[in-house]
Amino acid sequence: MIDKNVGNVYEGVLCAEGLKFGIVCGRFNEFFVSKLLSGAVDAITRHGGSASDISVAYVPGSYEIPFAIKKMLETKKYDAVIALGVVIQGATSHAGYINSEVAKCVAQLGLEFGVPVTYGMITAENLDQAIERSGTKAGNKGVDAALAAIEMANLTKVIG
């Protein structure tokens with residue numbers, strides 16, 4: 001619970017009107033990523049944002065997402081950038097390395113540029129988990145990342 005009995009309380013609101021969003025999508029596991037993207041765009045437009053204020057960049061896979069995010073942030077056009085990708089564990093530890101590095105880079109880019117960068121990545125052990133997290137039982141991580149981006153973009157404006 002937020003204590004409103006303090007001098008200043010800053011909160012972001014869920015209003016996307018007038019905000020510009022960049023979304024970077026990894027094409028690998030595109031079936032799932034397309035569901036995440038649809039969810040993110042729907043969340044932004046349902047909260048007053050315009051589809052014309054959303055730019056989407058596609059990269060080969062999740063590992064390339066931080067690079068495209070950095071390029072988007074360098075333009076200074078976006079109030080928030082959203083990372084969407086799906087990494088499914090295989091027989092090796094490769095997925096763990098990708099997930100770890102992408103998560104670190106995404107967080108670092110937001111701090112470096114002072115622009116919210118949200119993490120809408122699915123890290124699944126199998127196909128069933130990927131299905132659940134891209135729009136069925138466990139919700140849609142694209143929606144979650146978009147809502148976080150909207151709130152953080154507004155919080156950034158309030159704090160200054």
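Note: hydrogens, waters and symmetry copies are ignored here, and every other heavy atom, side chains too, is used.
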Residue set satisfying side-chain contact (heavy atoms from CB on, under 4.5 Å) with Ser100, at least two apart, ordered chain then number -> Lys104
Can any side-chain N or O of [X] pair as donor or acceptor with the backbone N or O of [Y] at less than 3.5 Å?
X	Y	value
Thr118	Ala145	yes
Gln129	Glu125	yes
Asn154	Ile150	yes

Could you pull out the closest heavy-atom pair between Glu11 and Val158, with the gap in Å?
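In terms of heavy atoms, the two residues are closest at O-CG2, 4.1 Å.
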Nearest heavy-atom contact between Ala124 and Ala130 is CB-N, 3.7 Å
Taking a hydrophobic cluster as the set of Ile, Leu, Val, Met, Phe, Trp and Tyr residues connected by side-chain heavy atoms closer than 4.5 Å, whether directly or through intermediates, do Val33 and Ile122 fall within one such cluster?
yes
Grouping I, L, V, M, F, W and Y whenever their side-chain heavy atoms are under 4.5 Å apart, do Val81 and Ile65 come out in a common cluster? yes
Problem - Any residue meeting salt bridge (Lys or Arg N to Asp or Glu O under 4.0 Å) with Glu74, in chain and number order, not counting sequence neighbours - result: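 Partners of Glu74 by the salt bridge (Lys or Arg N to Asp or Glu O under 4.0 Å) criterion, ordered by chain and then number, come out as Lys71.
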Applying side chain to side chain donor-acceptor pair (under 3.5 Å), can you list everything that pairs with [X], at least two apart in sequence or on another chain?
X	value
Arg27	none
Ser34	none
Asn29	none
Lys70	none

Given the ring of Phe31, does Lys35 sit roughly above its face, with NZ or CZ under 6.0 Å from the centre of the six-membered ring and within 45° of the axis? yes
Is the shortest side-chain heavy-atom distance between Leu37 and Tyr58 below 4.5 Å?
yes
Item checked: Carboxylate-amine/guanidinium contact Lys20 Asp53, below 4.0 Å ->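 A salt bridge links Lys20 with Asp53.
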(request) Give a yes or no on this: more than 12 heavy atoms of other residues, nucleotides or ligands lie within 6.0 Å of atom CZ of Phe113. (result)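 Counting other residues, nucleotides and ligands, CZ of Phe113 exceeds 12 neighbours.
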